[in-house]
Amino acid sequence: MESMLDRRHTHIRHSDELIHQSPRLPADYAQSIEQVDPRLIARTLDEGASTDRIDLLDVLYSLMEQALYPGKTELNDDEHTEVAWALEDGAYSVTRIRHDSPLYRALFQRFDGNGRALTDALAPAIIDELSSDLYALASSEALTQRLTEILE
């Protein structure tokens with residue numbers, strides 16, 4: 001009779017096999033995905049308007065606004081406060097894809113150059129106006145999974 005421990009190990013082995021068999025992004029695409037350092041995010045938020053990373057601060061607020069209030073273009077004071085609290089909470093990940101990377105080019109080609117369709121597919125996501133880099137409110141692992149599905 002198979003013990004509970006044996007079944008658990010079998011299940012774990014099977015799960016690992018499924019993970020290794022799942023589709024993956026090509027190496028040059030995978031290298032294009034960068035997790036934004038949580039310490040940089042925390043420092044940027046702490047510095048607020050006096051930060052030298054005002055571009056990152058704008059991206060963070062835009063992403064969190066999208067996450068909390070999708071489709072809404074104007075927020076009231078209470079909603080702005082909720083966004084600030086959610087950012088301060090720090091229970092999120094931000095991932096960047098540089099505008100000059102092979103993955104970025106492939107995504108734009110996949111969406112026929114429509115940046116809005118691309119960010120909608122990865123929502124909450126934004127293309128930074130200054131750098132043209134793509135930012136998503138997701139861990140690199142979650143974003144990789146979504147990108148794999150999009151590019152299949």
Side-chain angles (χ1 to χ4, degrees), residues 8 11-12 15-16 18-152:
R8 187 174 300 142
H11 175 72
I12 291 169
S15 297
D16 287 344
L18 288 176
I19 290 168
H20 293 299
Q21 292 173 0
S22 65
R24 296 188 181 271
L25 291 175
D28 59 337
Y29 287 5
Q31 291 172 355
S32 301
I33 299 170
E34 303 173 4
Q35 189 86 35
V36 178
D37 185 347
R39 294 172 300 198
L40 176 61
I41 292 172
R43 187 172 57 248
T44 301
L45 292 171
D46 285 345
E47 293 170 353
S50 66
T51 185
D52 61 349
R53 296 297 317 261
I54 200 74
D55 56 331
L56 179 58
L57 187 63
D58 288 343
V59 164
L60 293 170
Y61 271 91
S62 294
L63 288 171
M64 194 58 72
E65 286 172 0
Q66 276 186 35
L68 296 176
Y69 304 101
K72 198 163 185 186
T73 56
E74 295 292 324
L75 302 182
N76 64 36
D77 289 344
D78 290 339
E79 293 165 335
H80 280 290
T81 300
E82 288 292 324
V83 168
W85 285 343
L87 286 169
E88 290 296 326
D89 178 35
Y92 56 89
S93 296
V94 177
T95 306
R96 175 175 74 170
I97 301 172
R98 290 184 176 277
H99 72 280
D100 57 355
S101 70
L103 176 57
Y104 191 91
R105 287 189 295 273
L107 288 167
F108 256 84
Q109 183 175 9
R110 168 70 176 83
F111 285 93
D112 298 322
N114 185 337
R116 179 63 166 191
L118 171 58
T119 57
D120 286 349
L122 299 174
I126 186 172
I127 296 174
D128 179 45
E129 292 178 11
L130 297 175
S131 68
S132 297
D133 292 345
L134 175 82
Y135 289 86
L137 193 63
S139 67
S140 57
E141 296 82 10
L143 185 61
T144 298
Q145 179 61 38
R146 286 172 33 203
L147 292 172
T148 301
E149 294 165 3
I150 289 170
L151 294 171
E152 284 184 328

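All figures in this text were calculated on a predicted structure; none of them were measured in a lab. Numbering of residues begins at 1 and proceeds along the displayed sequence.
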**Prompt:** Are a donor atom and an acceptor atom from the side chains of Ser131 and Asp128 found within less than 3.5 Å of each other?
**Reply:** yes

**Message:** Less than 4.5 Å apart, side chain to side chain, heavy atoms only: is that true for Pro124 and Pro70?
**Reply:** no

**Message:** Could you check whether any side-chain heavy atom of His80 comes within less than 4.5 Å of a side-chain heavy atom of Tyr61, counting everything from C-beta outward?
**Reply:** no

**Prompt:** Among Ile41, Thr44, Asp58, whose side-chain contact (heavy atoms from CB on, under 4.5 Å) with Arg53 holds?
**Reply:** Thr44

**Request:** Please report the C-alpha distance between Tyr92 and Met64 in whole Å, then the side-chain angles of each, then the deciding distance to 0.1 Å, and finally whether the side-chain contact (heavy atoms from CB on, under 4.5 Å) criterion is met.
**Result:** CA-CA 9 Å; Tyr92 56 89; Met64 194 58 72; 3.7 Å; yes

**Message:** I'd like to know if the side chain of Gln35 and the backbone of Thr95 have a donor-acceptor N/O pair within less than 3.5 Å.
**Reply:** no

**Prompt:** Which atom names give the shortest non-hydrogen contact between Ile33 and Ser140, and what distance separates them?
**Reply:** CG2-CB, 3.8 Å

**Item:** Partners meeting ring pair (Phe, Tyr, Trp, His ring centres under 6.0 Å) with Tyr29 (sequence neighbours left out)
**Value:** none

**Request:** With rounding to the nearest 0.5 Å, note down the distance linking CD in Gln145 to OG in Ser139.
**Result:** 10.5 Å

**Asked** What distance separates Leu75 CG from Glu82 CD, expressed to the nearest 0.5 Å?
**Response** 11.0 Å

**Asked** Between Leu45 and Glu88, is a side-chain contact (heavy atoms from CB on, under 4.5 Å) present by the stated rule, with each step listed?
**Response** CA-CA 7 Å; Leu45 292 171; Glu88 290 296 326; 3.8 Å; yes

**Message:** Is any side-chain heavy atom of Leu147 closer than 4.5 Å to one of Leu122?
**Reply:** yes

**Asked** Ignoring hydrogens and geometry, is there a side-chain-to-backbone donor-acceptor pair from Glu79 to Tyr69 under 3.5 Å?
**Response** no

**Request:** Indicate yes or no: at least one non-hydrogen side-chain atom of Leu57 is less than 4.5 angstrom from one of Ile54.
**Result:** yes

**Check: Thr144 main-chain N/O paired with Thr148 side-chain donor or acceptor under 3.5 Å** = yes

**Pairwise side-chain contact, Gln66 with Leu137, heavy-atom cut-off 4.5 Å (strictly under)** = no

**Message:** So, using side chain to side chain contact (heavy atoms under 4.5 Å, CB included) as the criterion, who are the partners of Arg39 when residues are at least two apart?
**Reply:** Asp37

**Message:** Would you say that Val94 contacts Leu60 through its side chain, given a criterion of any heavy-atom pair below 4.5 Å between the two side chains?
**Reply:** yes

**Request:** Output yes when Lys72 and Glu65 qualify as a salt bridge under the 4.0 Å nitrogen-oxygen rule, no when they do not.
**Result:** no

**Complete:** Interatomic distance, CG@Leu103 vs CG@Leu134, rounded to 0.5 Å, equals 8.5 Å

**Request:** Please report the C-alpha distance between Ile97 and Leu143 in whole Å, then the side-chain angles of each, then the deciding distance to 0.1 Å, and finally whether the side-chain contact (heavy atoms from CB on, under 4.5 Å) criterion is met.
**Result:** CA-CA 10 Å; Ile97 301 172; Leu143 185 61; 4.1 Å; yes

**Request:** Kindly determine whether Leu151 and Leu25 satisfy side-chain contact (heavy atoms from CB on, under 4.5 Å), including the steps that lead there.
**Result:** CA-CA 8 Å; Leu151 294 171; Leu25 291 175; 4.0 Å; yes

**Prompt:** So, does Asn76 use its side chain to make a donor-acceptor pair with the main chain of Asp78 at under 3.5 Å?
**Reply:** yes

**Message:** Just so I know, are the side chains of Tyr104 and Arg98 near enough to count as touching, which here means a heavy-atom distance under 4.5 Å?
**Reply:** no

**Prompt:** Restricting to pairs with a member in residues 131-150, which pass salt bridge (charged side-chain N to carboxylate O under 4.0 Å, His left out), not counting sequence neighbours?
**Reply:** Arg96-Asp133

**Prompt:** What's the spacing between Thr51 OG1 and Leu56 CG if we round to 0.5 Å?
**Reply:** 7.5 Å

**Prompt:** Are Ile150 and Arg110 side-chain neighbours, meaning at least one heavy-atom pair lies under 4.5 Å?
**Reply:** yes

**Item:** Neighbour count above 12 (heavy atom, 6.0 Å) for Asp77 CG
**Value:** no

